[in-house]
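Residue numbering restarts at 1 for every chain, and letters A, B, ... go by the order of the sequence lines.
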Protein chains: 2
Amino acid sequence: MDKTAAIFKEFLKGRGLKFTPERKAVLREVFSLHRHFDAETLYQELYRKKVRISRASVYRTLPLLVKSGLIAETLRCQGKTSYEHIYGHGHHDHMLCIGCGKVIEFRSEKIEKLQNEICRRHGFKPVEHRLGIKGYCRECQRKIKMKKKLPLDSAE
Amino acid sequence: MDKTAAIFKEFLKGRGLKFTPERKAVLREVFSLHRHFDAETLYQELYRKKVRISRASVYRTLPLLVKSGLIAETLRCQGKTSYEHIYGHGHHDHMLCIGCGKVIEFRSEKIEKLQNEICRRHGFKPVEHRLGIKGYCRECQRKIKMKKKLPLDSAE
DNA sequence: ATTGAAAATGAGAATAAATCGCAATTAAAA
DNA sequence: TTTTAATTGCGATTTATTCTCATTTTCAAT
């Protein structure tokens, strides 16, 4: 059994919850995917692989995985909740291009440190955080300069 | 005419959009509210005040206000998009207590600076950012210590 | 192994948030 | 004014997610 399963099982046991085949399947699929995903995508992917578990179970399992600390919700992008791995995937923050949707991941030790310091000052025990910066990537900045009429999404 | 209206009007004119009474009403209501709000709340509030504009118009106007820079989406909290003022309300980040839902606002000049620096390095032009830290406030940390069976939301 | 209680499941109905289509209306530039 | 593109309201629709509940399953204690 791999490490993530052990963690999840442990988490579940601690709260009197069960490590069912369905939950196992979701966990497995989650960690076979790379990058961000949402509940529906995961369900479809499982379906494609002939793993027949209900949407409801997928929707019920993902929040448990979040609470177990294995995954986290990402910044909300287009109306649906999306997730990313935490386990085995060092923490990082995001830049999100408003123009083309590109995601740039980054990590700043200094920012992390400052955050922790601020939390300490407030007596706050941080569990998880998200920093998302919206803006325009290099390419989209160039594109925008060439338009006459300002597009709705222009930064200017 | 107040400053926010001037800004919004200007923004709209620049893209060939119109400063209609409905948009004016939404803008007005937005800035009469304090703290976070969502589309439905705003609609209800307007309805209560006998300002009869359709939900659709509210939903259509809020994104425009975001694009104008007057307001911003907040961290997603419970499935619906919520907003907060930007104009006249200095930017701030959030700590969100998982236990009781309390929101602590804070601002760190140092973090802001670091963010800008990182963006520069990536050729990214930031427009807006959100930093949200989830965790447990002082009180909830105390409460948790006293429980036997771990609640679903426990940090441990 | 058996059992029993609590928890989980699937299927689809239900809800909630947000968007869309369209005919009628309106803002604002000419 | 006139004109024209933009906007409105309404309700229908879509999309995401949650809920209901009868049935099944897990797991700890026999």
Side chain to side chain contact (heavy atoms under 4.5 Å, CB included) against [X], all qualifying residues, sequence neighbours excluded:
X        : answer
A:Ser108 : A:Lys110, A:Ile111, B:Ile118
B:Arg52  : B:Tyr47, B:Lys50
B:Thr20  : B:Lys18, B:Glu22, B:Arg23

Check ring pair (Phe, Tyr, Trp, His ring centres under 6.0 Å) between [X] and all other residues, then give those that pass, not counting sequence neighbours.
X        : answer
B:Tyr59  : none
A:Phe106 : none
A:His91  : A:His129

Any N or O donor-acceptor pair linking the side chain of B:Arg60 to the base of D:dG9 at under 3.5 Å?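 Result: at least one qualifying N/O pair found.
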
Within residues 44-53 of chain A, residues whose heavy atoms come under 4.0 Å of DNA chain C: A:Arg52, A:Ile53

Please report the distance, rounded to the nearest Å, between [atom1] in [X] and [atom2] in [N].
X       : N      : atom1 : atom2 : result
B:Lys80 : D:dA16 : NZ    : P     : 19 Å
A:Leu64 : D:dT17 : CG    : P     : 16 Å
A:Glu73 : D:dT17 : CD    : C1'   : 12 Å
B:Glu40 : C:dT15 : CD    : C1'   : 13 Å
B:Phe11 : D:dA6  : CZ    : C1'   : 14 Å

What pairs of nitrogen or oxygen atoms, one from the protein and one from nucleotides 25-30 of chain D, lie under 3.5 Å apart?
{"residue": "D:dT26", "atom": "O2", "partner": "A:Lys18", "partner atom": "NZ", "Å": "2.7"}

Would you say [X] reaches [N]'s phosphate, i.e. side-chain N/O to OP1/OP2 under 4.0 Å?
X       : N      : result
A:Tyr59 : D:dT17 : yes
B:Ser54 : D:dT8  : no
B:Arg55 : D:dG9  : no

Using a strict 4.0 Å threshold on nitrogen-to-oxygen distance, state whether A:Glu117 and A:Lys113 make a salt bridge.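 Answer for the salt bridge query: no.
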
Is A:Glu84 salt-bridged to A:Arg130, going by a charged N under 4.0 Å from an acidic O?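 Here A:Glu84 does not pair with A:Arg130 in a salt bridge, since their nearest N and O are not under 4.0 Å apart.
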
Axis deviation across the helix from C:dA1-D:dT30 to C:dA30-D:dT1, five-pair ends, to the nearest 10°: 40°

Apply side chain to side chain donor-acceptor pair (under 3.5 Å) to A:Arg55 and list each qualifying residue two or more places apart in sequence or on a separate chain. A:Glu40

Show every donor-acceptor pair shorter than 3.5 Å between a side-chain atom in residues 26-33 of chain B and any protein atom, with sequence neighbours excluded, or say none if there are none.
{"residue": "B:Glu29", "atom": "OE1", "partner": "B:Lys49", "partner atom": "NZ", "Å": "3.0"}
{"residue": "B:Glu29", "atom": "OE2", "partner": "B:Ser32", "partner atom": "OG", "Å": "3.4"}
{"residue": "B:Glu29", "atom": "OE2", "partner": "B:Lys49", "partner atom": "NZ", "Å": "3.2"}
{"residue": "B:Ser32", "atom": "OG", "partner": "B:Glu29", "partner atom": "O", "Å": "3.0"}

Quick note, B:Ala56 side chain, CB onward, closest among C:dC20, D:dC19, D:dT8 is C:dC20

Results of salt bridge (Lys or Arg N to Asp or Glu O under 4.0 Å) for A:Glu45 - residues two or more places apart only: A:Arg48

